[in-house]
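Each chain gets a letter, A, B and so on, in the order its sequence line appears, and its residues count up from 1.
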There are 2 protein chains.
Amino acid sequence: MDTGDVFDPQCPTRVVLDRIGDKWSMLVLLSLRDGPMRFTQLRTRIGGVTPKVLTQTLRAMEQDGLLTRKVFAEVPPRVEYTLTDLGRSLHGPLSVVAEWAERHVSEILRCREKFS
Amino acid sequence: MDTGDVFDPQCPTRVVLDRIGDKWSMLVLLSLRDGPMRFTQLRTRIGGVTPKVLTQTLRAMEQDGLLTRKVFAEVPPRVEYTLTDLGRSLHGPLSVVAEWAERHVSEILRCREKFS
DNA sequence: CTGTATCCCGTCTGATACTG
DNA sequence: CAGTATCAGACGGGATACAG
């Protein structure tokens, strides 16, 4: 397995950073932590996301193997999104970053104000 | 200390994600891990970054208190960038994500190809 | 219910050239 | 050496409306 040269433009870490760096992926992943959810459930829980963007996010995550999309042939239609093992394994690393954020965000904001 | 509601648009984690999510901040932080560096050192080590963007990145990180910018009144000019304690404390969490990326990137890429 | 289609704007990023 | 100025293109993201 490659060790990943972070200074290589083809760096593997880029793939992950692009994913967690976007506005909604992390929230989707955290939302799905406790089990499958339907489209509208996600949409309402994650306030402010439009259907288009939510769809884009879900498709990208599905494509990366982070979650699965299961369509039930019913009326009305039902679609469930579930984290894969890969998706669940990302939850830990993300939590570490999230905890750092929560611990230090006030300090960062203080720095920003002082800076002006 | 706040626990941070990740579903709040004002969520503190956003601040951090915006920072580590951008294209160069993480590389700068990793570069500076082993000590201060000068502008051109960073520029050459991080291949592909233009001076404008590198400046933007460094200014933003300085503003957030992740690094300090020290100008030496010399000819030719010398400017050194050094991580603050806050910046160094971010290195751990970032490493966790980076390690995850390195371990799983091949799996992600495989998923992407299968998806097409 | 679960999306898609369109339009649009702001930001992010880069190329290139220039300055103290 | 360490940037700044300017221009331009790509793209993420959002508003709104509509479809299967």
*Asks:* Taking the hydrophobic residues Ile, Leu, Val, Met, Phe, Trp and Tyr, and joining any pair whose side-chain heavy atoms are under 4.5 Å apart, which ones share a cluster with B:V96?
*Replies:*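 For the cluster that includes B:V96, the remaining residues are A:V96.
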*Asks:* List in numerical order all residues of residues 68-76 of chain A for which some heavy atom is under 4.0 Å away from an atom belonging to DNA chain C.
*Replies:*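 Of all residues in residues 68-76 of chain A, the ones placing a heavy atom under 4.0 Å from DNA chain C are A:R69, A:P76.
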*Asks:* Can you find a pair of side-chain heavy atoms, one from B:V105 and one from B:E102, that are under 4.5 Å apart?
*Replies:*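 They are not in side-chain contact.
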*Asks:* What salt bridge (Lys or Arg N to Asp or Glu O under 4.0 Å) pairs are there with at least one residue in residues 32-42 of chain B, not counting sequence neighbours?
*Replies:*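 Listed by first then second residue: nothing to list.
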*Asks:* With sequence neighbours left out, write down each residue that passes side-chain hydrogen bond (donor to acceptor under 3.5 Å, both in side chains) with B:E62, or none if nothing qualifies.
*Replies:*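 With sequence neighbours excluded, B:E62 shows a side-chain hydrogen bond (donor to acceptor under 3.5 Å, both in side chains) to no residue whatsoever.
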*Asks:* Does A:T44 have any side-chain hydrogen bond (donor to acceptor under 3.5 Å, both in side chains) partners at least two apart in sequence or in another chain, and if so, which?
*Replies:*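 For A:T44 there are no side-chain hydrogen bond (donor to acceptor under 3.5 Å, both in side chains) partners, ignoring immediate neighbours.
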*Asks:* Looking only at heavy atoms, which two atoms of B:G65 and B:T84 are closest? And how far apart?
*Replies:*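 It is O-OG1, 2.6 Å.
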*Asks:* A:R69: what forms a side-chain hydrogen bond (donor to acceptor under 3.5 Å, both in side chains) with it, not counting sequence neighbours?
*Replies:*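 A:Y81.
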*Asks:* Would you tell me if any nitrogen or oxygen in the side chain of B:R38 comes within less than 4.0 Å of OP1 or OP2 on D:dA2?
*Replies:*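 For B:R38, the contact criterion (side-chain N or O under 4.0 Å from OP1 or OP2 of D:dA2) is met.
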*Asks:* For B:S95, which residues count as a side-chain hydrogen bond (donor to acceptor under 3.5 Å, both in side chains) partner, sequence neighbours excluded?
*Replies:*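 Applying side-chain hydrogen bond (donor to acceptor under 3.5 Å, both in side chains) to B:S95 gives B:H91.
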*Asks:* Can you tell me how far apart CD1 (A:I108) and CG (B:L66) are? Round to the nearest 0.5 Å.
*Replies:*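 Spacing of CD1 (A:I108) from CG (B:L66) equals 5.5 Å.
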*Asks:* When you list every nucleotide of DNA chain C with an atom under 4.0 Å from a heavy atom of chain B, which one comes first 5' to 3', and which comes last?
*Replies:*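 That gives a stretch of C:dT13 to C:dG20.
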*Asks:* Using the C1' atoms of five pairs at each end, what's the angle between the two axes of the helix from C:dC1-D:dG20 to C:dG20-D:dC1, to 10 degrees?
*Replies:*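 Axis angle across the helix from C:dC1-D:dG20 to C:dG20-D:dC1, nearest 10°: 50°.
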*Asks:* Under the salt bridge (Lys or Arg N to Asp or Glu O under 4.0 Å) rule, what pairs show up with a residue in residues 83-97 of chain B, not counting sequence neighbours?
*Replies:*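 Passing the test, one end in residues 83-97 of chain B: B:D85-B:R88.
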*Asks:* How does protein contact run along nucleotides 13-20 of chain D, one letter per nucleotide 5' to 3', with B for base contact, S for sugar-phosphate only, - for none, heavy atoms under 4.0 Å?
*Replies:* BBB----B
*Asks:* Mind checking ring pair (Phe, Tyr, Trp, His ring centres under 6.0 Å) for B:W100 and listing every partner two or more places apart, or none if nothing turns up?
*Replies:*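 If we apply the ring pair (Phe, Tyr, Trp, His ring centres under 6.0 Å) test to B:W100, skipping adjacent residues, the hits are B:H104.
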